[in-house]
Amino acid sequence: MLGLLKLGSVVSALTAATGISGATMSATLFGVTGATIAADKVKTRTAGIKELFLRKKHGTKPDGLRTLIGVPGWYGIDGNEDVWAQVGGEAGSGGFDDGYYTLVWESDMLTRLGKNMDSFQPKILPQSLAIAVLWPQAVLSNHIDDPWSVTRNRASKAGALLAEILLQGSLGARPITLVGFSNGARLIFTCLEELARLSLEFIAAGSSGRDPCGIVENVVLIGAPIPANYARWEAVQSVIAGRLVNCYCPGDSILHVLYRSASGEIMDSFVDGNHACAGTTPVLSLFRSTSNTACFVENVDVSGVVKSHLDYQDPAVLRQIMRHVNIESSQAAKLWLASD
C-alpha cells in the first residue's frame, strides 16, 4: 500500500506513484538508462506540485489485464478523498476490479476547495443561469474563486506529471482508462495534451523510445472546466486508442461562473460567439453535424442526474453516469442520461 507522501521533488513524486526506487527512477527520467526526459524540463513543468501518487483500490488483483485511474476534482467535507474507490467496479461496469487506482493529488488544496464548494451553494446559488453569469467577482472571491483558481492551475501541472508517469510504463503495458470530474477532468485533459505533444516529439525523433499514442485506451471527462474547443479535443483524441466521452450539464451554474472567472480561458473558448465550457456544453465541430460523436467525442448530457456541480462528488451520481457511459463497450453512449 502506498502511503501518503509530501513530495519534495519530481523523483519523489514518481517514486511514490510507481513504487520504483529513487535511484532507478532518477536513472529512467534523467537519461542514465537511455530515457530522453530532461530533469530541468520536468521540474519546470511541474513546479509547485507537492503531492501526487496512485492509490490501488483495496482488494483488487495485482496483475489484471486492464487499468482504470479515477481522478477527483475536490475532496468532500467529510474528509473522504477516495470517491472513485466508492464508485468501485461501476466505473467500468465491473471490469476493472483487477486494476483500479485513484490518483491522489494536492490533498490540502482539494480539501480546502471542497469546504468552500459546500458553503458556496446554499448561500448564494441562483436558480437562473442568466443571473449566475452576472455574479460579481467579489462574490466569487469571498467564497470559492481563490482555491478554485489554485486547484485549476495545479491540475494543469499535475496532468503533465501524470503523462510522464504513464509514459514510463510503470503500470505495465495494460490498456489504461482515465476518468475524472471537475478539475480532475482538467488534469486528465492536460495529461492528454502532454502525451500529444510528446507524440509529435516521438515522431520527429524517428520513433526512438516509447510511443505516447495508445497508452490510454478510453477517457471519460465529467463536468470538465476546459474549453469546448474542437481543435484541442481533436488533438488529444489522436493519442487515445478507444473512446473519448464528454459528460456535461447545461444547467451547471457554478461551473459556468467559475469557468468564466478563470483567467485565460474565455477568449480561447468562444464558439459561434458563445462562451463555451466543455462541462456545460457539447464539444462540436463547426463543420460537422451536432451528433454526440462529432469530432470523435461522445457528448452525454447528464442533466437528468446532475443539478449542481457539487453533485459530481456523490458516488451514487458517478455510478449512474459511468453505468450509462459503459466504457467497456465499443458502442457510443446515448445522447442523454435520464434519472432513474
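Index from 1, following the sequence.
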K.L.:
For the residue pair F181 and W74, is the inter-centroid distance of their aromatic rings smaller than 6.0 Å?
P.N.:
yes

K.L.:
Do V302 and Y248 touch side chain to side chain, with heavy atoms closer than 4.5 Å?
P.N.:
no

K.L.:
Determine whether a donor-acceptor pair (N or O, by modelled atom type, separation under 3.5 Å) exists between the side chain of S182 and the backbone of G184.
P.N.:
no

K.L.:
If you compare all heavy atoms of A196 against all heavy atoms of V239, which two are closest, and at what distance to 0.1 Å?
P.N.:
CA-CG1, 3.6 Å

K.L.:
To the closest 0.5 Å, what do you measure between NE2 (H324) and SG (C247)?
P.N.:
8.0 Å

K.L.:
To the nearest 0.5 Å, tell me how far E298 CD sits from N218 CG.
P.N.:
9.0 Å

K.L.:
What closest approach, in Å, do N246 and P282 show between heavy atoms, and which atom pair accounts for it?
P.N.:
ND2-CA, 4.1 Å

K.L.:
Classify the ring geometry between F189 and W233 as parallel (under 30°), tilted (30 to 60°) or perpendicular (over 60°).
P.N.:
tilted

K.L.:
If we ignore hydrogens and angles and just use 3.5 Å, is the side chain of T281 paired with the main-chain N or O of C277 as donor and acceptor?
P.N.:
no

K.L.:
Quick check: do P72 and W105 have side-chain heavy atoms less than 4.5 Å from each other?
P.N.:
yes

K.L.:
Exactly one of E193, R186, E194 should register a side-chain hydrogen bond (donor to acceptor under 3.5 Å, both in side chains) with S156. Which one does?
P.N.:
R186

K.L.:
With side chains defined as the heavy atoms from C-beta onward, is the minimum distance between L103 and L162 less than 4.5 Å?
P.N.:
yes

K.L.:
Quick one, T177 and T67 - any side-chain contact, counting heavy atoms below 4.5 Å?
P.N.:
no

K.L.:
When you compare the side chain of L54 with that of T102, does any pair of heavy atoms fall below 4.5 Å?
P.N.:
no

K.L.:
Would you say K115's side chain and T111's backbone share a donor-acceptor pair under 3.5 angstrom?
P.N.:
no

K.L.:
Is a side-chain N or O of E217 found less than 3.5 angstrom from the main chain of I240, in a donor-acceptor match?
P.N.:
no

K.L.:
Between R243 (side chain) and V325 (backbone), is there a donor-acceptor pair under 3.5 Å?
P.N.:
yes

K.L.:
Between H256 and Y259, is the ring pair (Phe, Tyr, Trp, His ring centres under 6.0 Å) condition met? List the steps.
P.N.:
CA-CA 5 Å; H256 271 288; Y259 183 81; 8.8 Å; no

K.L.:
Quick one, T151 with N153, criterion side-chain contact (heavy atoms from CB on, under 4.5 Å). Give me CA distance, side-chain angles, the key distance, then yes/no.
P.N.:
CA-CA 5 Å; T151 302; N153 292 336; over 6 Å; no

K.L.:
May I ask you to test the F296-L244 pair for a side-chain heavy-atom distance under 4.5 Å?
P.N.:
no

K.L.:
Roughly how far, to the nearest 0.5 Å, is CG of L161 from CZ of R154?
P.N.:
13.5 Å

K.L.:
Run the side-chain contact (heavy atoms from CB on, under 4.5 Å) test on S199 and D211 for me, step by step, so that the C-alpha distance in whole Å, both residues' side-chain angles and the decisive distance to 0.1 Å come before the verdict.
P.N.:
CA-CA 6 Å; S199 179; D211 187 356; 4.0 Å; yes

K.L.:
What heavy-atom pair brings C191 and L166 nearest, and what distance separates the two atoms?
P.N.:
SG-CD1, 3.9 Å

K.L.:
Between V179 and I327, does the side-chain contact (heavy atoms from CB on, under 4.5 Å) criterion hold? Intermediate values first, please.
P.N.:
CA-CA 10 Å; V179 298; I327 198 61; 5.8 Å; no

K.L.:
Working to the nearest 0.5 Å, report the span between OG1 of T280 and CG of D301.
P.N.:
10.5 Å

K.L.:
If you round to the nearest 0.5 Å, how far is CD of E51 from CE of M109?
P.N.:
12.0 Å

K.L.:
Looking only at heavy atoms, what is the nearest atom pair of I49 and A158, with distance?
P.N.:
CD1-N, 3.9 Å

K.L.:
Counting C-beta onward and ignoring hydrogens, is there a side-chain heavy-atom pair between V306 and I321 closer than 4.5 Å?
P.N.:
yes

K.L.:
Restricting to non-hydrogen atoms, name the atom on R152 and the atom on N183 that form the minimum distance, rounded to 0.1 Å.
P.N.:
CA-OD1, 3.6 Å

K.L.:
If you look at every heavy atom in R232 and P227, which pair is closest and at what distance?
P.N.:
NH1-CG, 3.4 Å

K.L.:
Per the side chain to side chain contact (heavy atoms under 4.5 Å, CB included) rule, which among L195, I69, I188 passes with V216?
P.N.:
L195

K.L.:
Given Y230 and L284, is the side-chain contact (heavy atoms from CB on, under 4.5 Å) satisfied, shown in steps?
P.N.:
CA-CA 6 Å; Y230 166 70; L284 302 171; over 6 Å; no

K.L.:
In Å and rounded to the nearest 0.5 Å, what is the CG to NZ distance from N326 to K334?
P.N.:
11.5 Å

K.L.:
Can you tell me if D252 uses its side chain to pair, donor with acceptor, with the backbone of C249 under 3.5 Å?
P.N.:
no

K.L.:
Does any non-hydrogen side-chain atom of L52 lie less than 4.5 Å from one of I165?
P.N.:
yes

